[in-house]
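This report concerns only the one structure given below.
Quick caveat, the model's predicted, so the values are computed rather than measured. Order of appearance sets the numbers: ligands from 1, and atoms from 1 within every ligand.
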Amino acid sequence: MRVGVFGGGQLGRMMALAGYPFNLRFSFYDALPDCPSAPLGDLYGDESGSPESLDAFLASADVFTYEFENISTAWVERIARHKPVYPGVRSLAVSQNRLNEKALFDRLSIPAAPWRRIDSLEALQQAVAELGMPLVIKTVTGGYDGKGQFVIRSTDDIARAWTDLGAACPLLAEAFVRFQRELSIVAVRGQDGEIRCYPPAWNVHHQGILSHSVVPAPDISEASARQADAYIRAILEDLQHVGVMTLEMFDTGSGLVANETAPRVHNSGHWSIEGAICSQFENHIRAVAGLPLGSTDPLRPSAMINIIGRHPETAAILAIPETHLHLYGKTERPGRKLGHITVTAPTHIQLMDRIKVIAAVLPNRMAL
Ligand code: AMP
């Protein structure tokens with residue numbers, strides 16, 4: 001079987017690395033000839049996204065998936081008329097559009113920050129009056145790692161927010177959540193409807209980018225773990241999603257508040273390559289290929305640490321016990337995710353100590 005992946009970034013690369021042991025073969029659609037997935041399969045695509053390049057890609061595989069959500073639903077629909085695509089277009093339409101996502105949370109009674117759709121400056125002023133400040137303004141499509149966002153903290157900020165983001169209407173205005181920490185849950189749904197969830201991850205960000213994740217989230221209450229599980233199951237079932245899906249949440253200390261979904265393998269799930277019985281990448285490929293799912297049970301406490309902007313010394317990282325290095329074949333650039341490190345330990349306390357040892361040899365600063 002050949003799997004076609006839209007996008008040739010590190011997520012596609014790690015999907016292929018998980019699928020090769022089953023004798024699966026891969027092709028990728030990406031305009032960049034030196035993208036991280038290029039060494040792992042046939043590459044299709046051009047700058048203009050021409051119909052010819054899409055046709056050639058369509059002919060190259062038996063089943064299709066994607067590794068980023070900002071692809072055209074029209075393209076996915078076009079492929080779906082000829083060959084299976086997982087996840088389906090419904091999952092994509094929700095994750096691509098924050099208003100659809102909020103409506104889904106409301107429909108499934110999943111707690112999320114109160115929100116308003118903004119189409120005009122008057123609507124923005126009204127949202128400030130109704131939801132209070134701080135008020136988080138987000139573009140509806142295309143935002144990631146905190147880009148396309150503005151936090152209104154005083155009435156003076158309303159005009160500034162409008163100048164910055166007004167042209168991107170409609171916008172989403174969302175009440176500010178006073179959270180203690182950020183969590184995510186990664187889960188997979190097979191073609192037969194079976195769902196398996198990884199334990200929730202605790203995610204720490206630095207300058208708007210994920211710095212590291214610790215799994216299982218330390219000291220997470222039984223109730224919160226059950227909530228996270230129930231929320232992602234409800235979403236997977238409602239969308240009839242096939243493949244991996246991620247839900248990012250705020251932990252307020254008295255319950256979880258949903259933030260956003262990703263219809264794909266996720267940076268906060270990279271730990272599972274060495275830290276779980278079956279990784280998120282292998283499980284995604286199993287689901288897409290119609291194979292039985294693997295266990296999502298963690299082997300022991302694990303952490304994933306992103307390598308951002310500059311590469312560390314390979315030998316210095318590998319000298320640290322129970323540490324694994326994954327480099328994506330990218331050139332150095334400030335803020336760019338170049339790779340990640342997984343570290344495991346018998347206990348969370350030992351794990352936190354190992355994270356500090358890794359932080360000391362990383363050229364990028366970590367938020368510890
Ligand atoms: P997002 O792109 O929605 O994941 O937002 C990026 C980051 O902004 C999140 O990881 C949070 O740290 C912060 N953030 C987003 N929405 C809110 C909110 N409603 N209240 C407080 N912080 C938020």
Side-chain angles (χ1 to χ4, degrees), residues 11 68-70 91-106 110-118 123-124 127-154 157-158 161 164-165 168 170-186 200-215 217 224 228 231-232 235 245-270 304-306 308 335 337 365-368:
L11 303 182
F68 67 105
E69 56 271 41
N70 291 321
S91 301
L92 195 57
V94 163
S95 298
Q96 272 184 355
N97 184 304
R98 290 187 192 268
L99 294 170
N100 293 348
E101 200 166 56
K102 284 288 199 176
L104 179 76
F105 293 153
D106 287 356
I110 295 173
W115 60 282
R116 297 284 184 276
R117 177 188 165 118
I118 305 297
L124 181 58
V128 171
E130 289 174 6
L131 302 178
M133 289 182 286
L135 186 68
V136 187
I137 312 302
K138 299 179 177 179
T139 54
V140 166
T141 57
Y144 66 96
D145 286 345
K147 293 187 176 62
Q149 294 196 17
F150 194 108
V151 181
I152 295 178
R153 295 181 187 278
S154 72
D157 287 340
I158 300 176
D164 256 34
L165 298 178
L171 299 167
L172 171 73
E174 188 179 275
F176 192 86
V177 179
R178 293 188 193 282
F179 58 84
Q180 291 180 347
R181 59 179 179 174
E182 295 188 64
L183 304 178
S184 61
I185 185 162
V186 175
W202 167 42
N203 300 326
V204 181
H205 296 85
H206 181 63
Q207 295 174 340
I209 302 175
L210 182 64
S211 160
H212 59 284
S213 300
V214 180
V215 189
S224 290
Y231 297 158
I232 194 146
I235 295 169
M245 151 87 67
T246 307
L247 174 64
E248 293 181 36
M249 297 161 290
F250 302 123
D251 183 358
T252 64
S254 55
L256 302 181
V257 172
N259 179 27
E260 65 177 355
T261 60
R264 54 168 169 78
V265 290
H266 195 257
N267 198 171
S268 67
H270 291 1
M304 185 290 308
I305 298 156
N306 272 329
I308 297 167
K337 288 177 186 168
R365 281 203 40 188
M366 279 183 63
L368 284 174

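- Each of His266, Glu69, Arg98, Glu101 was checked for a side chain to side chain donor-acceptor pair (under 3.5 Å) with Thr261, and the lone residue meeting it is Glu101.
- The distance from ligand 1 to the heavy atoms of Glu182 drops below 4.0 Å at these ligand atoms: 9 (C), 10 (O), 11 (C), 12 (O).
- In summary, the atoms of ligand 1 found under 4.0 Å from a heavy atom of Phe179, numbered by their order in the structure, are 12 (O), 21 (C), 22 (N).
- Within the 4.5 Å cutoff, the side chain of Val186 has heavy atoms near those of the Ser268 side chain.
- With sequence neighbours excluded, no residue forms a side-chain hydrogen bond (donor to acceptor under 3.5 Å, both in side chains) with His212.
- The line from CE of Met245 to OG of Ser95 is 5.0 Å long, rounded to the nearest 0.5 Å.
- For the pair Lys102 and Glu174, the salt-bridge criterion is met [side-chain N within less than 4.0 Å of a carboxylate O].
- Just one of Val177, Asn259, Val257, Ile185 meets the side-chain contact (heavy atoms from CB on, under 4.5 Å) condition when paired with Met249; it is Ile185.
- With distances taken over non-hydrogen atoms, the option nearest atom 2 (O) of ligand 1 out of Arg181, Gln149, Lys138, Glu101 is Gln149.
- The distance from ligand 1 to the heavy atoms of Glu174 drops below 4.0 Å at these ligand atoms: 16 (N), 17 (C), 18 (C), 19 (N).
- Applying the 4.0 Å criterion to heavy atoms of Asn259 picks out, from ligand 1, the atoms 1 (P), 3 (O), 4 (O).
- Residue Ala175 places a heavy atom less than 4.0 Å from ligand 1.
- Contacts with ligand 1 closer than 4.0 Å are made by heavy atoms of both the backbone and the side chain of Val177.
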